[in-house]
Amino acid sequence: MTARNMITATQWWQTALVRIQPGEIALRGYPIEQLIGEISFPQAIWLLLRGELPTPAQAKLLEAALVAAVDHGPQAPSIAAARMAATCGVGLNNAVATGVNLLGDVHGGAGQQAMSMLRDLRDSDLPLPKAIEEYRRWHRFLPGFGHRFHPRDPRRDPLLRLVAEAVEEGVVSGEYLVIALEVEHAIAPVPMNIDGATAVIYAELGFPPELARGLFVLSRSVGILAHAWEEQQSGARIKGPIPRPLLADYTGPALRDLHDGRKPQP
Ligand SMILES: CC(C)(COP(=O)(O)OP(=O)(O)OC[C@H]1O[C@@H](n2cnc3c(N)ncnc32)[C@H](O)[C@@H]1OP(=O)(O)O)[C@@H](O)C(=O)NCCC(=O)NCCSC(=O)C[C@@](O)(CC(=O)O)C(=O)O
């Protein structure tokens, strides 16, 4: 190792998030003793992710998005998977990880794509209706819209109402709200879903698209944990995806004899 590429132990991990010394924990420069009991969990999330404390109005909007996505019952594949895992004798952390790992582009992770779409539409040189038309030529399903279960996602209206209020109060600009509503208008009657509505909030608050997914996962982890815990407490063992008397539809060949038409083996 040459002197040039030698690094000291303190340079190996570099972080601007937290200062740890014996007897000292400081988040973004604030001693933890001052933060405990003083700031809310959403404020702590914002502080770590963004570097500064949010205003109370910003924290309220972030909190609303986090609360809205917290749970969607065992109909949500991520919750069902966590509950199944919890009956298999794995630890609670493994059950939670199983659920979290199902959050992808189609289920629960569409917020990131929705935010990228809203940004692309904002940055397009085309007038908004034309930009949406162009986007639709390449994407059959627009992220953040439609729901396999709810004709109208009950989380949409209260979230968008809060954004509209925040626009009126000058907390956020409203540019992403306008774009998302225009998209919704273009693909009517398919309404915005939780991922779309929270993408509007995260975009209005200035988070990058990747964090829309990260924050959904953070919020949904609470529901996943609670479901895994509930299932574990029930004492159920090896619970499968369908009740025991029900069988998966078999679509392969009919039963056949391995020895039919074959010479008996010596
Ligand atoms: C979600 C779903 C697959 C549903 O499909 P569906 O099966 O109902 O739709 P289909 O029957 O295929 O479509 C019927 C007609 O509407 C048209 N149509 C539908 N969606 C359209 C759309 N986005 N853009 C344009 N057009 C659309 C379609 O083109 C067709 O038109 P046509 O061909 O003319 O007949 C679909 O929307 C979709 O991919 N969305 C984008 C991805 C997305 O945002 N994912 C997040 C969903 S939230 C979530 O994951 C969190 C969750 O809520 C989960 C939970 O637990 O469920 C939780 O909290 O955990």
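Start at 1 and go down the list; that is how both ligands and their atoms are numbered. For the single chain, residues carry numbers from 1 onward in sequence order.
- The immediate protein surroundings of ligand 1, defined as residues with any heavy atom under 4.0 Å of it, consist of H72, A76, V106, H107, G108, A110, R140, F141, L142, P143, G144, F145, G146, H147, R148, R155, I187, V190, N193, I194, D195, R220.
- In summary, E231 and K239 engage in a salt bridge, as defined by a charged side-chain N under 4.0 Å from a carboxylate O.
- D195 and R213 are not joined by a salt bridge, as no carboxylate oxygen comes within less than 4.0 angstrom of a charged side-chain nitrogen.
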H150/H72 under side-chain hydrogen bond (donor to acceptor under 3.5 Å, both in side chains): CA gap, chis, key distance, verdict: CA-CA 11 Å; H150 305 292; H72 197 260; 2.7 Å; yes
Trace of the side-chain hydrogen bond (donor to acceptor under 3.5 Å, both in side chains) decision for S40 with Q43: CA-CA 5 Å; S40 66; Q43 284 176 306; 3.3 Å; yes
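- When the ring pair (Phe, Tyr, Trp, His ring centres under 6.0 Å) test is applied to Y30, no partner is found at least two apart in sequence or on another chain.
- Taking the ring centre of Y176 as origin, the terminal cationic atom of R119 falls outside the region bounded by 6.0 Å and 45° from the ring axis.
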